[in-house]
*Asks:* 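Next up is a structure, given as structure tokens.
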Amino acid sequence: MAYLIKRERGELTKFGLERVAHIPFLMTRGMEYAEEPSRYLRERALGLWHPRKRERSAYGFTRLLSERTIASYSDDLKIFLSFLERRRLDWKTITHLDVMHVYDTGMTSGKIKTRSGAKLEVSTINRRVGIALEFLLWASDRGYRPLFEIITTLAYKGVGQNGRRSGVSKPSVIGVRVGIHRVHPKRLRLPTSEEIQRFEKAVKHQQGFTKHLAVRWIFQTGCRLEETALVREAQLPDPSLIDLDRPVRMTICYGTKGERIAGDQSKRGKPRDLRFNRSFLVEVDVYRRLRRPKALERFRKLNPGKPDPLELFLNEATGQPFSRQAIYRAWHNTEFTPFKQFSPHHGRHAFACYTLLHLLDEEATRAKQTIAAMPRATVLTHADALIKLYLSPVLGHVNEATTTLYLEWITDHILVAEHRKRWANYLDEDQE
């Protein structure tokens, strides 16, 4: 059994080691320091080694891993090493085929399960095997074991699972490791606009106005949970400076993915521009001018001498900023929910799909048509372009799998719904 140990950040910072303070390390069953696995985590986190840039110098530029990513890597590596120990296998001698036939098979067969006893998702199995192979490849590069080779096969890059060409670059042939399980796409289920309104009212009634507004922020802007918690009051534009018929453009950077510096308590990431309705900005601006100052006053009373919080959404009772966990609990601890497993990420998907629907409707109106009357291929082509040119920059990233989910939702919501409506009308006429 391997053990994952988190470092004491405060102590390491005193000695000028804050650069590695966020990187966990591994201990063996006998509570001995696991030198090689811990070094792998350190080099991977600091960008000193990358599986696709192995030949580059240790001083070459490679993007650093975020704290959350390296925590996930560490946990996956701990699970792999613990599995090897139970099976009495040595990572210095096993091959890619050994990993597939023993570790991968153990997870796909259900012998290895989650902590709650559930069967592992295919995406989880792919990720865990990928980390195991990556560690073995690193160990080979560093001379800790004999040559390790990952078995690959040829695949076409730039072509989605449905055979469509994805992106703007030309398709190319690449090597993909053997043994990756195909992740079957899930159907995207979203609440109706009426269900969203009912859910927001329930949050407001049970959790209070500010948490309700934070929940609405996710639906209205497409922000992630952490981005919502960390958005700052100073980032909010003045609605009087925005034309009535223009969408709001607002830059965020706190809590966003990419370009984060390890140890940065502000969690500043890659800047991204939001676009949302001016009417919602007015709603948030009223909160900023009337309700937030009262919460700020409460904070100053309870915390004399401390600097004011910069975040937009503050607890009415304490004046402290809401954490992502607080907003998450407000989302889930509500009497009404549109469906089981309805999460904040569904709110982000809802923003994307309903925005896409609105944009398609605008295009159809300009062409003096309705969306349902337009050819299916035309609708999907326009939708695909809007996802890449409009939604992807606003959301930060939309991959091929998510694009497919959105296109399927559009198809079901518009084209299939119209077909069902005509069929129902036909049945009604037949009965008459």
*Asks:* Do D98 and T95 have side-chain N/O donor and acceptor atoms under 3.5 Å apart?
*Replies:* yes

*Asks:* Over all heavy atoms of both residues, which pair between L188 and L405 is shortest? Give the atoms and the distance, please.
*Replies:* N-CD2, 4.1 Å

*Asks:* Okay, side chain of R292, backbone of L312: is any donor-acceptor separation there less than 3.5 Å?
*Replies:* yes

*Asks:* Could you check whether any side-chain N or O of R298 sits under 3.5 Å from a backbone N or O of T318, counting only pairs where one atom can act as donor and the other as acceptor?
*Replies:* no

*Asks:* Please name the pair of heavy atoms, one in H382 and one in L360, separated by the smallest distance, quoted to 0.1 Å.
*Replies:* CB-CD2, 3.8 Å

*Asks:* Give a yes or no answer on whether the side chain of Q235 reaches the backbone of R232 with a donor-acceptor pair at less than 3.5 Å.
*Replies:* yes

*Asks:* So how far is it from L133 CG to I150 CD1, rounded to the nearest 0.5 Å?
*Replies:* 5.0 Å

*Asks:* Does S109 reach the main-chain N or O of G106 with its side chain, forming a donor-acceptor pair under 3.5 Å?
*Replies:* yes

*Asks:* For the residue pair H96 and F148, does the interplanar ring angle fall in the parallel (under 30°), tilted (30 to 60°) or perpendicular (over 60°) class?
*Replies:* tilted

*Asks:* Measure from NZ or CZ of R291 to the centre of the six-membered ring of F209, then state whether that distance is under 6.0 Å and the direction lies within 45° of the axis.
*Replies:* yes

*Asks:* Work out which heavy atom in W331 is nearest to a heavy atom in S343; give both atom names and the distance.
*Replies:* CZ2-O, 3.2 Å

*Asks:* Rounded to the nearest 0.5 Å, how far apart are OG1 of T28 and CG of L81?
*Replies:* 10.5 Å

*Asks:* Look at the rings of F342 and F219 and say which category their plane angle falls in: under 30° parallel, 30 to 60° tilted, over 60° perpendicular.
*Replies:* parallel

*Asks:* Centroid separation under 6.0 Å, is that true for the rings of F313 and F322?
*Replies:* no

*Asks:* With salt bridge (Lys or Arg N to Asp or Glu O under 4.0 Å) as the test, would you mind laying out the steps for D412 and R187 before giving the verdict?
*Replies:* CA-CA 10 Å; D412 290 343; R187 305 286 292 185; 2.5 Å; yes

*Asks:* Does N315 offer a backbone N or O that forms a donor-acceptor pair with the side chain of T210 under 3.5 Å?
*Replies:* no

*Asks:* Decide if atom NE2 of H205 counts as having more than 12 heavy atoms of other residues, nucleotides or ligands within a radius under 6.0 Å.
*Replies:* no

*Asks:* Could you tell me how the ring of F280 sits relative to the ring of F276: parallel (under 30°), tilted (30 to 60°) or perpendicular (over 60°)?
*Replies:* perpendicular

*Asks:* Do S72 and T69 pair up side chain to side chain, a donor and an acceptor below 3.5 Å, judged on atom types alone?
*Replies:* no

*Asks:* For the pair R268 (side chain) and E259 (backbone), establish whether a donor and an acceptor sit closer than 3.5 Å, ignoring hydrogens and angles.
*Replies:* no

*Asks:* Taking it one step at a time, do R142 and E43 satisfy salt bridge (Lys or Arg N to Asp or Glu O under 4.0 Å)?
*Replies:* CA-CA 11 Å; R142 293 294 182 257; E43 291 193 8; 2.8 Å; yes

*Asks:* Can you check whether N333's main-chain N or O pairs, donor with acceptor, with Q207's side chain at less than 3.5 Å?
*Replies:* yes

*Asks:* Measure up the W91 and Y144 rings against each other and bin them: parallel (under 30°), tilted (30 to 60°), perpendicular (over 60°).
*Replies:* perpendicular

*Asks:* Can you confirm whether the side chains of E227 and T256 place a donor and an acceptor under 3.5 Å from each other?
*Replies:* no

*Asks:* If you round to the nearest 0.5 Å, how far is CD1 of I70 from CZ of R42?
*Replies:* 11.0 Å

*Asks:* When the ring planes of F135 and F80 are compared, do they come out parallel, tilted or perpendicular, using 30° and 60° as the limits?
*Replies:* perpendicular

*Asks:* Can you check side chain to side chain donor-acceptor pair (under 3.5 Å) on S279 and N277, steps first, answer last?
*Replies:* CA-CA 5 Å; S279 59; N277 291 331; 4.8 Å; no

*Asks:* How close do L120 and R128 get, counting heavy atoms only, and between which atoms?
*Replies:* CD1-NH1, 3.6 Å

*Asks:* If only side-chain N and O atoms count, and only distance matters, is there a donor-acceptor pair under 3.5 Å linking Y40 with E134?
*Replies:* yes

*Asks:* Rounded at 0.5 Å granularity, tell me how far CE in M374 sits from OG1 in T381.
*Replies:* 9.5 Å

*Asks:* Please confirm whether the backbone N or O of H397 pairs with a side-chain atom of S392, one donor and one acceptor, at under 3.5 Å?
*Replies:* no

*Asks:* Step through it carefully: locate the ring centre of Y328, locate the ring centre of H332, and say whether they are under 6.0 Å apart.
*Replies:* yes

*Asks:* Does the side chain to side chain donor-acceptor pair (under 3.5 Å) test come out yes or no for N399 and T402, once each step is laid out?
*Replies:* CA-CA 5 Å; N399 58 30; T402 305; 2.7 Å; yes

*Asks:* Where do I371 and L357 come nearest, in terms of heavy atoms and distance?
*Replies:* CD1-O, 4.0 Å

*Asks:* Between D75 and R115, is a salt bridge (Lys or Arg N to Asp or Glu O under 4.0 Å) present by the stated rule, with each step listed?
*Replies:* CA-CA 12 Å; D75 193 54; R115 292 186 180 92; 3.3 Å; yes

*Asks:* For R224, does its backbone N or O pair with a side-chain atom of T228 as donor and acceptor, under 3.5 Å?
*Replies:* yes

*Asks:* Has E316 got more than 12 heavy atoms of other residues, nucleotides or ligands less than 6.0 Å from its CD?
*Replies:* yes

*Asks:* Give the minimum heavy-atom separation between R272 and G222, together with the two atoms involved.
*Replies:* NH2-O, 4.5 Å

*Asks:* Around R127, counting heavy atoms of other residues, nucleotides and ligands shown, do more than 12 lie under 6.0 Å from its CZ?
*Replies:* yes

*Asks:* I'd like to know whether CD of E335 has more than 12 heavy-atom contacts from other residues, nucleotides or ligands below 6.0 angstrom.
*Replies:* no

*Asks:* Salt bridge (Lys or Arg N to Asp or Glu O under 4.0 Å) for R216 and E283? Distances and angles first, verdict last.
*Replies:* CA-CA 10 Å; R216 275 182 55 74; E283 183 180 339; 2.9 Å; yes

*Asks:* Give a yes or no on whether the backbone of T105 and the side-chain of T108 come within a donor-acceptor separation of less than 3.5 Å.
*Replies:* yes

